[in-house]
J.: 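One structure, pasted below without further comment.
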Amino acid sequence: MKIYTGRGDDGLTDLRDMSQVSKASPRIEAYGTVDEVNALVGVVRPTDYDDIDDCLRAVQNHLHVVQADFATPEPDDDDPVVTDEHVQQAEAWIDEFSEELEPLSQFILPSGSEPGAKLHHARAVCRRGERRAVDLASSQPEVNEEAIIYLNRLSDLLFTLARVVNKREGNREENPTY
């Protein structure tokens, strides 16, 4: 398989059903931002914490499902789609990792160790991906709501993982001053 096809040279790109849309369309913005989140998660790995790395590896696979979901306007039964199981898994990870943390009483600055700060960055981009997905859904009613919910939970998970990594590495959380 060739890496380059030239099919996108005119500013269009293929969806999974081989229909073409503008590279600037809300659909491409949504799944392109999810791709960016996936790349940022990949930059974090390995964190040197097996449990976190296993979680992040699974998240990267989930993000491929989100991208495929957004790239398929009318999925067939065998197309990958985000389901409530993906959301439940993210919630289970949040609950599991939160057991290591003190509850928050105020906002914290996104900083800390290198992997912690990278996870905060991935979280912020994930929030942008969620906003892009909400925008897409406002004009394309067939967008899978579970994929949007998953991105919402994922940003919470990435925030939790950033806090856990920072705690494990001895970085104390800092609160903003107003």
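Because only heavy atoms are used, hydrogens play no part in the values below, and waters and symmetry mates are left out as well, while side chains stay in.
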J.: Check Ser22 against Ile28 and note the closest heavy-atom contact, atom names and distance.
T.: O-CG1, 3.4 Å
J.: Under 4.5 Å between side-chain heavy atoms, counting indirect links through other Ile/Leu/Val/Met/Phe/Trp/Tyr residues: same cluster for Leu104 and Leu109 or not?
T.: no
J.: Once rounded to the nearest 0.5 Å, what's the spacing between atom CZ of Arg16 and atom CG of Asp69?
T.: 9.5 Å
J.: Less than 4.5 Å apart, side chain to side chain, heavy atoms only: is that true for Cys55 and Leu157?
T.: yes
J.: With distance as the sole test, does Asn152 use its side chain to make a donor-acceptor pair with the main-chain N or O of Glu130 at under 3.5 Å?
T.: no
J.: I need the Leu151 CG to Arg132 CZ distance, nearest 0.5 Å.
T.: 12.5 Å
J.: For Pro176 versus Phe107, what's the shortest heavy-atom pair and its separation?
T.: CD-O, 3.2 Å
J.: So do the side chains of Trp93 and Leu161 get within less than 4.5 Å of each other, counting heavy atoms only?
T.: no
J.: Would you say that more than 12 heavy atoms from the other residues, nucleotides or ligands in this model lie under 6.0 Å from the CD of Glu145, or not?
T.: no
J.: Quick one: does Asp35's side chain have a donor or acceptor within less than 3.5 Å of a partner on Tyr31's backbone?
T.: no
J.: Are Met18 and Arg7 side-chain neighbours, meaning at least one heavy-atom pair lies under 4.5 Å?
T.: yes
J.: Of all the heavy-atom pairs spanning Thr160 and Ser98, show the shortest one and how long it is.
T.: CG2-OG, 3.7 Å
J.: Check the surroundings of atom CG in Asp77: do more than 12 heavy atoms from other residues, nucleotides or ligands lie under 6.0 Å from it?
T.: no
J.: CD of Glu173 to CG of Leu101: how many Å apart, nearest 0.5 Å?
T.: 7.0 Å
J.: Indicate the atoms forming the closest heavy-atom contact of Ala90 with Arg153, along with that distance.
T.: CB-CB, 4.0 Å
J.: Listed by chain and number, what are the side-chain contact (heavy atoms from CB on, under 4.5 Å) partners of Glu142, not counting sequence neighbours?
T.: Arg27, Pro73, Gln140
J.: Between Asp156 and Arg127 (salt bridge meaning N to carboxylate O under 4.0 Å), is one present in this structure?
T.: yes
J.: In this structure, would Leu158 and Ile149 fall into the same cluster of hydrophobic residues linked by side-chain contacts under 4.5 Å?
T.: yes
J.: Partners of Asn61 by side-chain contact (heavy atoms from CB on, under 4.5 Å), sequence neighbours excluded?
T.: Arg57
J.: Using the rule given for side-chain contact (heavy atoms from CB on, under 4.5 Å), can you reason through Val66 versus Asn38, listing the C-alpha separation, both sets of side-chain angles and the distance that settles it, and then say yes or no?
T.: CA-CA 10 Å; Val66 175; Asn38 204 342; over 6 Å; no
J.: Closest heavy-atom contact between Ile148 and Ala137?
T.: CD1-CB, 3.7 Å
J.: Before giving the answer on side-chain contact (heavy atoms from CB on, under 4.5 Å), spell out for Asp135 and Glu29 the whole-Å C-alpha distance, their side-chain angles and the decisive distance to 0.1 Å.
T.: CA-CA 10 Å; Asp135 180 55; Glu29 282 293 324; over 6 Å; no
J.: Do the non-hydrogen side-chain atoms of Ile108 and His120 ever get within less than 4.5 Å of each other?
T.: yes
J.: Can you confirm whether more than 12 heavy atoms, excluding those of Glu85, are under 6.0 Å from its CD atom?
T.: no
J.: If you compare all heavy atoms of Leu136 against all heavy atoms of Ala30, which two are closest, and at what distance to 0.1 Å?
T.: CD2-CB, 4.1 Å
J.: Measure the shortest side-chain to side-chain distance between His121 and Val43 over non-hydrogen atoms and say whether it is less than 4.5 angstrom.
T.: no
J.: Check for me, please, whether Phe159 and Leu40 land in the same ILVMFWY cluster - side-chain distances under 4.5 Å, paths through other members count.
T.: no
J.: What residues, two or more places apart in sequence or in another chain, satisfy ring-ring contact (aromatic ring centres under 6.0 Å, His included) together with Tyr150?
T.: His62
J.: Could Glu102 and Lys167 be called an ion pair, given the rule that one side-chain N must be under 4.0 Å from one carboxylate O?
T.: no
J.: Can you tell me how far apart CG (Leu63) and CG (Leu154) are? Round to the nearest 0.5 Å.
T.: 5.5 Å
J.: For the OG atom of Ser25 and the CG atom of Leu12, what is their distance to the nearest 0.5 Å?
T.: 9.5 Å
J.: Are Val143 and Val81 linked, directly or through intermediate hydrophobic residues, by side-chain heavy-atom contacts shorter than 4.5 Å (ILVMFWY only)?
T.: no
J.: So, taking the atom named CD in Gln67 and the one named OG1 in Thr72, what distance separates them when rounded to the nearest 0.5 Å?
T.: 11.0 Å
J.: Taking Ser19's backbone N and O only, do any of them form a donor-acceptor pair with Asp17's side chain (distance below 3.5 Å, no angle check)?
T.: yes
J.: Would you call Glu114 and Glu169 a side-chain contact if the rule is heavy atoms closer than 4.5 Å?
T.: no
J.: Is there side-chain contact between Asp84 and Glu146, with heavy atoms separated by less than 4.5 Å?
T.: yes
J.: So do Thr83 and Val65 actually touch side chain to side chain, heavy atoms under 4.5 Å?
T.: no
J.: Taking the side chain from Asp53 and the backbone from Thr47, do they hold a donor-acceptor pair closer than 3.5 Å?
T.: yes
